[in-house]
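The first residue in the sequence is number 1, and the count goes up from there.
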Amino acid sequence: MEPRNDTQISEFLLLGLAEDPDLLPLIFGLFLSMYLVTVLGNLLIILATISDSHLHTPMYFFLSNLSFVDICFTSTTIPKMLLNIQTQSKAITYTGCITQMYFFLLFAGLDIILLTIMAYDRYVAICHPLHYTVIMNPRFCMLMVLVSCIISGLHSLLHSLMMLRLTFCTDLDIPHFFCELNQVVHHACSDTFLNDMVMYFSAVLLAVGPLTGILYSYSKIVSSIRAISSAQGKYKAFSTCASHLSVVSLFYCTSLGVYLSSSVSQNSHSSTIASVMYSVVTPMLNPYIYSLRNKDIKSALKIVFWRETKKGSLNQFP
């Protein structure tokens with residue numbers, strides 16, 4: 001059969017995480033719970049940083065942006081998967097697949113760049129504390145976030161446009177729970193050499209490049225912390241970086257696991273499970289990693305809940 005033009009493709013089929021129908025209710029409940037926990041946790045971080053004036057600093061500005069991106073990141077994949085399970089359908093339209101791919105790459109790229117910016121923020125705060133307020137001024141912080149959006153938007157747009165040049169045959173079954181770029185590209189009938197080169201090149205720019213920047217920032221941070229004489233000063237400096245290091249390690253280790261599992265094993269199921277870690281589990285854990293280790297966040301949330309409780313009690317007695 002000759003390949004059809006991609007404009008004639010009506011839909012792809014997302015095979016999901018399990019083929020056994022008996023497991024679908026369990027998967028639906030588990031992922032619905034994880035999604036709700038992710039949204040609630042990240043919304044609380046955003047609420048805390050907005051409501052408490054003490055948190056109107058560059059570090060918490062970037063953290064609130066990261067929380068917003070994490071909500072959007074999970075919202076590009078999980079709701080569609082839950083809808084497919086609920087309706088007992090595996091279909092996603094061709095347009096829907098390209099759209100999902102675009103936003104998934106957009107928010108994944110923003111995640112990576114924001115983590116790099118946060119590492120730079122900690123580097124300036126610890127290595128150049130006297131110049132911190134001058135360097136990390138509000139205008140510069142807004143500019144970095146805006147540039148991040150532009151870079152990530154162009155990156156995801158490039159891959160989406162590259163997808164439009166491909167043609168597909170009858171094998172439109174995607175062994176994944178969302179339209180993962182690598183999986184969709186390698187189901188094309190046409191030559192994917194150019195797409196592969198763009199994927200590898202962009203992976204180096206948007207993965208290795210930021211990781212190098214993060215490692216460089218922390219090498220300088222470690223050197224500065226070692227120069228601090230008091231043990232209390234060392235602990236205070238390191239504690240400001242511990243949460244960010246945990247999030248970076250979690251994101252990069254799970255992302256690396258996806259590519260290692262896909263390159264070492266031809267089993268697409270193992271790659272799908274690994275994708276769950278960085279696309280679902282990591283955004284869910286991020287707010288709790290920051291809040292559990294951060295006294296400022298916990299204090300801000302207590303104040304918010306205390307205000308709401310007090311307001312509710314006053315409303316009962318007009």
Side-chain angles (χ1 to χ4, degrees), residues 6-7 12 58 61-77 80 92-121 136 138-168 174 176 178-188 190-217 247-248 251-252 254-256 258-259 275 278-279 282-283 286:
D6 54 352
T7 56
F12 291 99
F61 170 72
F62 296 131
L63 176 58
S64 61
N65 276 275
L66 181 67
S67 295
F68 174 74
V69 169
D70 280 339
I71 293 174
C72 297
F73 188 36
T74 54
S75 297
T76 60
T77 57
K80 177 58 181 176
I92 181 171
T93 63
Y94 176 78
T95 303
C97 187
I98 300 295
T99 303
Q100 185 185 67
M101 190 182 302
Y102 172 82
F103 284 106
F104 182 85
L105 292 173
L106 171 67
F107 295 121
L110 277 173
D111 244 337
I112 295 172
I113 299 174
L114 282 173
L115 289 174
T116 308
I117 292 174
M118 293 171 74
Y120 175 73
D121 173 72
M136 302 301 294
R139 183 178 179 181
F140 183 60
C141 293
M142 289 292 295
L143 181 61
M144 283 196 291
V145 172
L146 178 61
V147 171
S148 302
C149 294
I150 294 173
I151 292 174
S152 187
L154 291 176
H155 166 252
S156 56
L157 180 62
L158 173 63
H159 285 296
S160 300
L161 293 177
M162 290 291 294
M163 277 294 301
L164 298 177
R165 61 179 291 273
L166 298 178
T167 55
F168 295 87
I174 308 299
H176 220 295
F178 67 94
C179 288
E180 199 268 334
L181 177 63
N182 188 56
Q183 293 281 355
V184 177
V185 166
H186 290 130
H187 273 70
S190 55
D191 182 32
T192 61
F193 176 78
L194 186 58
N195 293 73
D196 289 333
M197 289 299 100
V198 171
M199 279 193 293
Y200 294 141
F201 183 71
S202 62
V204 171
L205 289 180
L206 274 181
V208 179
L211 181 59
T212 303
I214 292 172
L215 293 176
Y216 175 80
S217 296
V247 171
V248 169
F251 184 85
Y252 271 95
T254 52
S255 301
L256 186 61
V258 173
Y259 291 100
S275 297
Y278 82 89
S279 63
T282 300
N286 282 357

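Under the side chain to side chain contact (heavy atoms under 4.5 Å, CB included) criterion, Leu154 pairs with Ile150, sequence neighbours left out. The side chain to side chain contact (heavy atoms under 4.5 Å, CB included) check on Phe61 picks up Asn65, Cys141, Met142, Val145, with sequence neighbours excluded. Shown here are the side chain to side chain contact (heavy atoms under 4.5 Å, CB included) partners of Thr95, two or more places apart in sequence or in another chain: Thr93, Thr99. Not counting sequence neighbours, Thr212 has no partner by the side chain to side chain donor-acceptor pair (under 3.5 Å) test.
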Table please: side-chain donor-acceptor pairs of residues 194-205 below 3.5 Å, with sequence neighbours left out.
unit_1 : atom_1 : unit_2 : atom_2 : d
Asn195 : OD1    : Arg165 : NH1    : 2.5
Asn195 : ND2    : Met162 : O      : 3.2
Asp196 : OD1    : His186 : NE2    : 3.1
Asp196 : OD2    : Thr192 : OG1    : 3.4
Ser202 : OG     : His159 : NE2    : 3.1
Ser202 : OG     : Val198 : O      : 2.9
Ser202 : OG     : Met199 : O      : 3.0

Which atom pairs, one a donor and one an acceptor, fall under 3.5 Å between side chains of residues 100-114 and the rest of the protein, sequence neighbours left out?
unit_1 : atom_1 : unit_2 : atom_2 : d
Gln100 : OE1    : Cys179 : N      : 2.8
Gln100 : NE2    : Thr76  : O      : 2.9

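In this structure, His155 and Leu158 have side chains that are not in contact, with every pair of non-hydrogen atoms separated by 4.5 Å or more. Phe12 places none of its side-chain heavy atoms less than 4.5 Å from the side chain of His187. Under the 4.5 Å side-chain criterion, counting only non-hydrogen atoms from C-beta, Leu161 is in contact with Leu157. For the pair Phe251 and Asn286, the minimum side-chain heavy-atom distance is 4.5 Å or more.
Using the six-membered ring where Trp is involved, Tyr278 and Phe73 have ring planes that are tilted, between 30° and 60° apart.
The structure places CD1 of Ile117 at 5.5 Å from CE of Met144, a figure rounded to the nearest 0.5 Å. With values rounded to the nearest 0.5 angstrom, Tyr216 atom OH is found 15.0 Å from Thr116 atom OG1. Note that CG of Leu115 is 10.5 Å distant from OG of Ser148, once rounded to the nearest 0.5 Å. In this structure, Cys97 SG and Lys80 NZ are separated by 10.0 Å, a value rounded to the nearest 0.5 Å. Of the inter-residue distances, the one linking Asp70 atom CG with Ser75 atom OG reads 10.0 Å to the nearest 0.5 angstrom.
Taking every heavy atom of both residues into account, Tyr252 and Leu211 meet most closely at OH-N, 3.5 Å. Closest approach of Met163 and Ile98 over heavy atoms only: CB-CD1, 3.7 Å. The two residues Ser190 and Thr167 come nearest to each other via the heavy atoms OG-N, 3.1 Å. The two residues Met136 and Tyr120 have their closest heavy-atom pair at SD-CE2, 3.8 Å.
Side-chain N or O atoms of Thr74 include one that pairs as donor or acceptor with a backbone N or O of Ile71 at under 3.5 Å.
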